Participant: 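Would you mind keeping the following structure in view while I ask a few things?
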Amino acid sequence: MKQPEMQNKVFIVGILAILASAGICRAANGPSAGIANGPSAGITVHVDKPGAAISPILNGIFFEDVNFAGDGGLYPERIKNGSFEFADPMMGWHQNVAGKGVVKGFSVSSDKPLHANNRHFLHARVESESDRLSLTNEGYRGIGVTKGAKFTFSVYARSNTKAAMRLEVELLDAEGRPIAAAQHLSNFAAEWKKHSCSIEATATDAKAKLRIVVQGTGTLDLDMVSLFPQETFNNRPNGLRPDLAQLLKDLKPGFMRFPGGCIVEGRTLDQRYQWKTTIGDLSQRKLILNRWNVEFQAPRNAPDYYQSMGLGFFEYFQLCEDIGALPLPILNCGMACQFNSAELAPLDRLDPYIQDALDLIEFANGSATSAWGAKRAAMGHPAPFRLTMIGVGNEQWGPQYFERFGRFAKAIKAKYPQMILVSGTGPEPADNGGDHRFSSAWSELRKANADLIDEHFYKSPEWFYSQVGRYDSYNRQGPKVFAGEYAAHIQNKRPGWESNTWEAALAEAALMTGLERNGDVVRLASYAPLFGNVDAWQWNPNLIWFDNLRSLGTPSYYVQKLFSTNRGTTILPVELAGVEKMFASATRDDSTRDDATRDDAAGEIILKIVNAEAKSRDIHIDLVGAKDVRATAEVQVLTASDLGAMNTLDKPTNVSPVVGRLKDVGATIQHRFPARSLTVIRIHARRFP
Ligand code: AHR
């Protein structure tokens with residue numbers, strides 16, 4: 001096919017000009033200035049030799065409640081410690097006593113609580129009609145409200161006095177000025193009962209507060225104080241913060257791993273994550289300490305970090321459904337974090353842990369009449385969730401892990417033979433300084449016929465480039481790979497989202513070409529962690545950052561998005577010649593074939609090319625065997641003016657893809673790839689060989 005090289009070049013210069021004018025790439029040079037290689041450099045894509053089917057869920061997401069990702073983030077409850085269950089039951093609450101009286105004030109009580117899992121509540125005693133007992137809640141580094149947004153305030157209350165008690169509810173801005181009409185609740189009974197009212201914010205403030213004022217003469221008990229936005233993602237009751245959930249949905253993730261991460265393990269077994277206490281009525285869920293709260297020194301420590309479990313396993317499954325991701329829960333395998341206590345559940349006391357896994361499968365997939373399926377149905381979801389995979393343990397290692405994994409696998413496979421089990425290799429992607437954690441995990445888990453083996457890599461960009469070919473030589477027989485946690489960590493780490501640079505993202509893109517080229521053996525992959533609250537983070541970098549009102553996808557987010565939304569169905573072999581620091585993968589997408597013409601062979605060729613060099617490159621692309629190639633193709637370019645470029649809350653799309661079209665495309669293409677860029681090209685071919 002004729003190759004109209006010059007027209008193509010003119011168009012590419014146009015694309016570069018667009019990028020330059022958008023401030024995200026170097027200014028376009030002349031047709032050949034600053035190019036790092038000659039015209040012989042090339043990429044050959046063997047469209048005529050399609051390889052294995054790529055995992056249809058290769059690119060997924062990893063959710064862990066670290067960095068206030070859950071409470072204070074995706075879970076939009078605005079009141080911190082509304083249940084008074086923190087170790088300091090008044091943490092987050094501030095008392096302002098006004099008026100006169102002999103005995104007055106608040107105390108915390110556990111006398112006849114709402115539920116055994118929720119033992120503490122606030123007891124208010126008011127002696128005189130002239131008293132106003134008031135408390136403010138500080139929220140999660142403030143309460144985020146936007147003008148016109150409506151919230152439901154709710155509280156469980158009871159009063160033992162015949163004289164009428166009243167509760168006033170106010171929204172205040174950061175300076176303490178009212179920013180909503182005060183609401184009033186009354187008619188409290190002697191037994192616990194839920195009361196609620198609606199509040200509309202009249203101003204926008206990221207650091208607002210909630211004030212409650214108790215009046216009357218007598219006592220009033222309060223628990224589960226809540227200020228919940230009426231707008232949630234997909235309008236779900238007890239739903240999620242819309243902007244954050246939408247960012248997840250936009251990734252089109254194949255799966256979602258939850259709830260971690262190390263929080264699965266806990267510092268001690270007592271503090272481990274137990275899914276059964278995270279479902280059902282909110283007042284009956286069991287709050288636990290978040291294991292990240294004081295894991296690190298100031299400013300990363302957060303003594304006020306707990307998990308309310310308002311975001312529990314039902315909500316996780318529902319989120320998966322809402323964003324089209326397959327659920328992948330990870331369960332404790334009878335081992336606490338090996339970086340902390342490394343506490344072990346003795347083998348003869350492992351059964352409750354295994355039973356939790358079996359019951360979870362029934363909760364997700366069982367009929368609405370089964371014991372655990374009925375609980376799911378009672379929460380409003382009679383249809384099963386599509387649970388096909390479960391992780392046994394997080395970052396475990398050593399013989400204790402293999403023994404425990406073996407017991408889980410035996411029990412789960414006996415009852416649910418189709419269930420895919422995820423096992424792990426520990427925290428390092430290779431043996432470290434003479435230990436054999438990684439290699440022994442692979443050999444032991446291979447012997448155990450494991451399905452998917454989880455590898456974690458938090459490494460430098462250089463390491464990422466060095467590992468692009470990591471999976472080329474992996475054994476195709478036996479267990480497959482789950483690249484379950486990865487992120488490029490730049491040296492001289494900067495705080496917060498400043499560590500999410502283009503340098504890190506570009507290195508991840510390079511590695512991801514290797515994951516995709518090996519999409520037959522690497523079946524799942526997820527960047528980690530997912531979220532970071534700019535005001536309360538413990539771990540960085542993260543894929544998405546947010547404050548109480550705004551959010552941003554990092555450059556790494558856009559890399560993930562380009563890969564996950566341009567996945568393809570079949571791997572195509574790729575060869576690169578005459579180029580260094582350039583990486584590529586190619587797939588064919590049969591899902592776009594034109595059924596109307598019954599042309600089963602039509603589809604798209606999707607190229608992902610990383611140019612990690614500091615100069616742009618003219619590259620010749622050969623699509624061997626492609627026929628009837630459509631003359632125009634879509635091109636998406638992600639690049640930045642320098643390696644330190646990042647996205648911020650003020651400029652959230654500073655580094656984001658620019659979409660254009662290539663003209664005069666054929667089975668051969670001459671294309672200029674910008675310096676330090678990821679380019680995705682989708683080429684439509686009516687016939688494959
Ligand atoms: O992603 C943050 C942590 O990194 C995870 O909790 C853990 O699995 C890993 O060490």
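Atom set for the values below is all heavy atoms of this structure, side chains included, hydrogens, waters and symmetry mates excluded. Note that this is a predicted model, so its numbers are computed, not measured. Both counts, for ligands and for their atoms, begin at 1 and track the order of listing.
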Participant: How far apart are the closest heavy atoms of Leu445 and Ser423, and which atoms are they?
Facilitator: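 That would be CD1-OG, 3.6 Å.
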Participant: Please work out whether the ring planes of Trp539 and Phe296 are parallel, tilted or perpendicular, with thresholds of 30° and 60°.
Facilitator: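 Because their plane-to-plane angle lies in the 30° to 60° range, the rings of Trp539 and Phe296 count as tilted.
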Participant: If you count the atoms of ligand 1 from 1 in the order shown, which ones are under 4.0 Å from a heavy atom of Gly261?
Facilitator: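 Checking each atom against Gly261, I get 5 (C), 6 (O), 8 (O).
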Participant: Regarding ligand 1, does Cys262 bring an N or O atom to under 3.5 Å of one of the ligand's N or O atoms?
Facilitator: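 Yes.
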Participant: Using a 4.0 Å cutoff against the non-hydrogen atoms of Glu395, which atoms of ligand 1 qualify?
Facilitator: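 Counting from 1, the qualifying ligand atoms are 7 (C), 8 (O), 9 (C), 10 (O).
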Participant: Where does the angle between the aromatic ring planes of Phe339 and Trp397 fall among parallel (under 30°), tilted (30 to 60°) and perpendicular (over 60°)?
Facilitator: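 Rings of Phe339 and Trp397: perpendicular, over 60°.
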Participant: For Phe255 versus Ile57, what's the shortest heavy-atom pair and its separation?
Facilitator: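 For Phe255 versus Ile57, the nearest heavy atoms are CD2-O, 3.3 Å.
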Participant: Exactly one of Phe531, Trp292, Phe258, Tyr273 should register a side chain to side chain contact (heavy atoms under 4.5 Å, CB included) with Glu64. Which one does?
Facilitator: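 Answer after filtering Phe531, Trp292, Phe258, Tyr273: Trp292.
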Participant: Could you tell me if any non-hydrogen atom of Pro529 lies under 4.0 Å from any atom of ligand 1?
Facilitator: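 Checking ligand 1 against Pro529, which is what was asked, there is a heavy-atom contact under 4.0 Å.
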Participant: For Gly644, does its backbone N or O pair with a side-chain atom of Asp642 as donor and acceptor, under 3.5 Å?
Facilitator: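 Yes, the answer is positive, given that a donor and an acceptor are paired below the 3.5 Å cut-off.
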Participant: Is ligand 1 under 4.0 Å from a heavy atom in the side chain of Phe339, in the backbone, in both, or in neither?
Facilitator: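 Answer for Phe339: neither.
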Participant: For Asn394, which part has a heavy atom under 4.0 Å from ligand 1: side chain, backbone, both, or neither?
Facilitator: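 Asn394 to ligand 1: side-chain contact only, backbone stays beyond 4.0 Å.
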Participant: What are the two closest non-hydrogen atoms of Tyr401 and Gly424, and how far apart are they?
Facilitator: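 Residues Tyr401 and Gly424, closest heavy atoms: OH-N, 3.1 Å.
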Participant: Does Trp292 have a non-hydrogen atom less than 4.0 Å from ligand 1?
Facilitator: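 Checking ligand 1 against Trp292, which is what was asked, there is a heavy-atom contact under 4.0 Å.
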Participant: Output yes when the distance from some N or O of ligand 1 to some N or O of His456 is under 3.5 Å, and no in every other case.
Facilitator: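 Checking ligand 1 against His456, no N or O pair falls under 3.5 Å apart.
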Participant: Checking a contact table here: which protein heavy atom is nearest atom 6 (O) of ligand 1, and how many Å away?
Facilitator: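 Ranked first by proximity to atom 6 (O) of ligand 1 is Glu64 OE1, 2.5 Å.
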Participant: Only one of Tyr140, Phe63, Phe228 passes ring-ring contact (aromatic ring centres under 6.0 Å, His included) with Tyr75; say which it is.
Facilitator: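 Per the ring-ring contact (aromatic ring centres under 6.0 Å, His included) rule, the option paired with Tyr75 is Phe228, out of Tyr140, Phe63, Phe228.
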Participant: Can you pull out the closest protein heavy atom to atom 1 (O) of ligand 1? Residue, atom name and distance to 0.1 Å, please.
Facilitator: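 Atom 1 (O) of ligand 1 sits closest to the protein heavy atom Tyr458 OH, 2.7 Å.
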Participant: Consider every N or O of Glu485 and every N or O of ligand 1, then say whether any pair is closer than 3.5 Å.
Facilitator: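 It does: an N or O of Glu485 is found under 3.5 Å from an N or O of ligand 1.
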